[in-house]
Amino acid sequence: MKSKIAEQVKIASGTEFSLGEIESWIEKPKFSTMGDYAFPCFRLAKEFRKAPHLLAGEIAQAFTLKEIVRTEAAGGYVNFYLDLPLYSAKVLKDVLSKGADYGRQDLGKGKAITMDLSSPNIAKPFSMGHLRSTVIGNALANVTEKLGYNVIRINHIGDWGTQFGKLITAYKIWGSEEKVKKSPIPELHKLYVHFHEQAENNPSLEDEAREWFKRLEDGDKEAVTLWQWFREVSLEAFSEVYKKLDISFDSYNGEAFYNDKMDDVIAVLEDEGLLEESEGARVVRLDEEGLPPCLIQKRDGATLYATRDLAAAFYRKREYSFEKSLYVVGNEQSLHFKQLKAVLKKLNIAWAEDLVHISFGMMLKDGKKMSTRKGKIVLLEEVLEQSMALAEEAIKEKNPNLKEKQQVAHAVGIGAVMFHDLKVFRQNDVHFELKDMLRFEGETGPYVQYAHARACSILRKAEAEEEASTSETVAPAAFGEAERAIVMKISAYDEVIQEAFAEWDPSKIAKYAIDLAQLFNQYYAHTHILNEEDKDVKGQRLLLLKATTIVLKESLRLLGIKAPEEM
RNA sequence: GUCCCAGUAGCUCAGCUGGAUAGAGCAACGCCCUCCUAAGGCGUAGGUCGGGAGUUCAAAUCUCUCCUGGGACGCCA
């Protein structure tokens, strides 16, 4: 639509600006009384050395387009009013014929994108802090898939590193096999926290931990056995969380997976003459890039985070030949990813630029970062359980006859927590506040789910009526102001998906879902649908509802949230 | 100290590729279930867009500077 308007504007004004430029200036007015589209004439006014409002008048005069019923000049703008029935018919036909595929594109056909998401550390509980990477990454993966890309979801499990030396040390000194078997993660976490408390007064513990990790890397049998055990019980616990969230991965290749690929990385860096000795460790200097040096190998020969990520990048490029490789990781690691890219560039690797760090703000508790080391964390599972319990209470109170209360409580409870994390721009820090997270009113997941359920309810009732009351053909002749906003919002769906993709920002989808739900709730409150006497009008309104449920459900799906038909 | 991110209503946030009267939700106050699920709708009140300077016909939006908060800065990940 915008391109058609742009074409006509160009003809009507005779401007030298390109169609693309003109199209990009077309906006949606703030108020619907100012039309459906608007074109600001200020730039053209400069080109022609003419007053904007005069130019707007001229363009409005000369403008003709069959989809536009009215064109008006107002304060330097040209406002366009769509032929609503004509436009609505086009939009509704599109949604109803495509269903869940509405908004799908094949932009990324035949191209692969790897996405590094969630990536919890084993032997540590799944905290609220890890929710962000999991939920944002999952939503971005869904959006990317919707645009036709082949997305590989990689859970880069934190299962390697000095921390396991610490854990083994702690277990050897204070641990009990019995206790760990009984409740693995809490017990291992307790040992980890205890280690850090003790290490403050006893630095030799740190040395011991480093030694144990070195032994692990060298394949020491005792170390490997303990490590495997810790890893196994951790993954079992994580899978419970992922089941609740209904999120799955294509690969669980974590850091340990790259253990046997590390020598190659070091060899390549050596061949290129990039490795330097520094204070006993081996580093790649990044002075020219204005970055601190990247540590590759510790004094004792053990590897580091960066070494493993380099190995992972090479492996993924080989294995998946990705077009882009995304890392959905908190912004406290932005230096690490800058260094990673810088090292790859020093190796003259062309695809270094294809690595993208999708950073996000952190979950703060009492205004500070949560710390696993100090045991200052909030457990995700506990929050999810609470949320589901609250949802169940709400159902008992509001809709006691509902069947499948459990499933709905699950969808609503989880949906509330996930949506809470997704609706805010990812770069912002999130202050953990349980009562905000467990809210079901206002701009929340359950609000959107509720709008969807209400619309479904009407459609269900309409179908149950004796004579089928949904119209067969789309002919919304009677659509007026009440329907306008919903139609316009539905038609903006694919733009929103593209924006979310271009900016790697799922909050755009969440906000869109709220907007559409809000418009529907307003419509619901002010317009009769089932009770409408004119059968044609009723039938067309039901079609609008049908389209609305499709788009609401699909928006929620992109966010990883379920849309129950009743709640 | 250096670098990164953020500062918009009491609170949580939209708006930021410059454009028409700065928008929501929560909290507060007041209305609306003899019509489709009140997890809803309608209304009232609430703002020096952190401060200052600059660019522009036009700045919450761009540039500079200062202030505040968070984070990162060699053998953790």
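Chain letters run A, B, ... following the sequence lines, proteins first, then strands; residues in each count from 1.
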What contact category does [X] fall into here, base, sugar-phosphate, or nothing, at under 4.0 angstrom with non-hydrogen atoms?
{"X": "A:R285", "result": "base"}
{"X": "A:F440", "result": "base"}
{"X": "A:S457", "result": "base"}
{"X": "A:L304", "result": "sugar-phosphate"}
{"X": "A:V412", "result": "base"}
{"X": "A:T527", "result": "base"}
{"X": "A:E566", "result": "base"}
{"X": "A:K30", "result": "sugar-phosphate"}
{"X": "A:S507", "result": "nothing"}
{"X": "A:I395", "result": "base"}
{"X": "A:W160", "result": "sugar-phosphate"}
{"X": "A:H336", "result": "nothing"}
{"X": "A:P292", "result": "sugar-phosphate"}
{"X": "A:A302", "result": "nothing"}

Looking only at the side chains, is there a donor atom on one of A:D436 and A:H420 sitting less than 3.5 Å from an acceptor on the other?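 A:H420 and A:D436 do not have a side-chain donor-acceptor pair below 3.5 Å.
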Would you tell me whether A:E255 and A:Y305 have side-chain atoms, one donor and one acceptor, within less than 3.5 Å of each other?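 No, because no side-chain N or O of A:E255 sits under 3.5 Å from a partner of the opposite role on A:Y305.
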Let's see if you can work this out: which of [options] has an atom nearest to the side-chain heavy atoms of [X]?
{"X": "A:K298", "options": "B:rC42, B:rA20, B:rC76", "value": "B:rC76"}
{"X": "A:Q518", "options": "B:rA24, B:rG71, B:rA20", "value": "B:rA24"}
{"X": "A:I458", "options": "B:rG15, B:rC36, B:rC57", "value": "B:rC36"}
{"X": "A:V424", "options": "B:rG40, B:rC36, B:rC13", "value": "B:rC13"}
{"X": "A:R299", "options": "B:rA39, B:rA72, B:rC75", "value": "B:rC75"}
{"X": "A:M34", "options": "B:rG18, B:rA20, B:rC13", "value": "B:rA20"}
{"X": "A:L364", "options": "B:rG15, B:rG70, B:rG74", "value": "B:rG70"}

Identify the nucleotide, in any strand shown, that forms a Watson-Crick or G-U wobble pair with [N], with both distances under 3.5 Å; if there is none, say none.
{"N": "B:rU37", "value": "none"}
{"N": "B:rC13", "value": "B:rG23"}
{"N": "B:rU2", "value": "B:rA72"}
{"N": "B:rG7", "value": "B:rC67"}
{"N": "B:rA28", "value": "B:rU44"}
{"N": "B:rA60", "value": "none"}
{"N": "B:rC49", "value": "none"}

Centroid distance under 5.5 Å and plane angle under 30°, A:F42 vs B:rC57: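 The base of B:rC57 is not stacked with A:F42 (the test needs centres under 5.5 Å and planes under 30°).
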Please answer whether the main-chain N or O of A:E21 pairs with a side-chain N or O of A:S18 as donor and acceptor at a distance below 3.5 Å.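 Yes; at least one donor-acceptor contact below 3.5 Å.
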Find which nucleotide of RNA chain B each of A:D436 and A:H528 is nearest to by heavy atoms, and output the residue with the more 5' nucleotide.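 Residue closer to the 5' terminus by nearest nucleotide: A:D436.
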Which sits closer to the 5' end of RNA chain B, A:N331 or A:Y524, going by the nucleotide each is nearest to?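 In this pair, the answer is A:N331.
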Anything under 3.5 Å between a donor and an acceptor, one on a side chain of residues 37-47 of chain A, the other on a protein residue two or more places apart or in another chain? List them.
{"residue": "A:E47", "atom": "OE1", "partner": "A:T15", "partner atom": "OG1", "Å": "2.6"}
{"residue": "A:E47", "atom": "OE2", "partner": "A:T15", "partner atom": "OG1", "Å": "3.4"}
{"residue": "A:E47", "atom": "OE2", "partner": "A:E16", "partner atom": "N", "Å": "2.8"}

Please determine if a side-chain N or O atom of [X] lies less than 4.0 Å away from the OP1 or OP2 oxygen of [N].
{"X": "A:R426", "N": "B:rC5", "value": "no"}
{"X": "A:S334", "N": "B:rA72", "value": "no"}
{"X": "A:K338", "N": "B:rA72", "value": "no"}
{"X": "A:Y305", "N": "B:rA77", "value": "no"}
{"X": "A:K398", "N": "B:rA39", "value": "yes"}

Is there a side chain to side chain contact (heavy atoms under 4.5 Å, CB included) between A:L286 and A:V284 once you walk through the steps? CA-CA 6 Å; A:L286 299 169; A:V284 175; 4.2 Å; yes
Given the structure, check if the side chain of A:N79 and the base of B:rA20 hold any donor-acceptor pair shorter than 3.5 Å.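 Checked by distance alone, the answer is yes.
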Among A:Y192, A:Y171, A:F164, A:W160, find the residue that satisfies the ring-ring contact (aromatic ring centres under 6.0 Å, His included) test when tested with A:F230.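 Checked A:Y192, A:Y171, A:F164, A:W160 against A:F230; only one passes ring-ring contact (aromatic ring centres under 6.0 Å, His included): A:Y171.
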Row check, A:F80 ring normal vs A:R70 NZ/CZ: under 6.0 Å, within 45°: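 So A:R70 doesn't make the cation-pi contact.
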When you measure from the centre of the six-membered ring of A:F425, is the NZ or CZ of A:K423 closer than 6.0 Å and no more than 45° off the axis?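 Verdict for A:F425: no cation-pi partner in A:K423.
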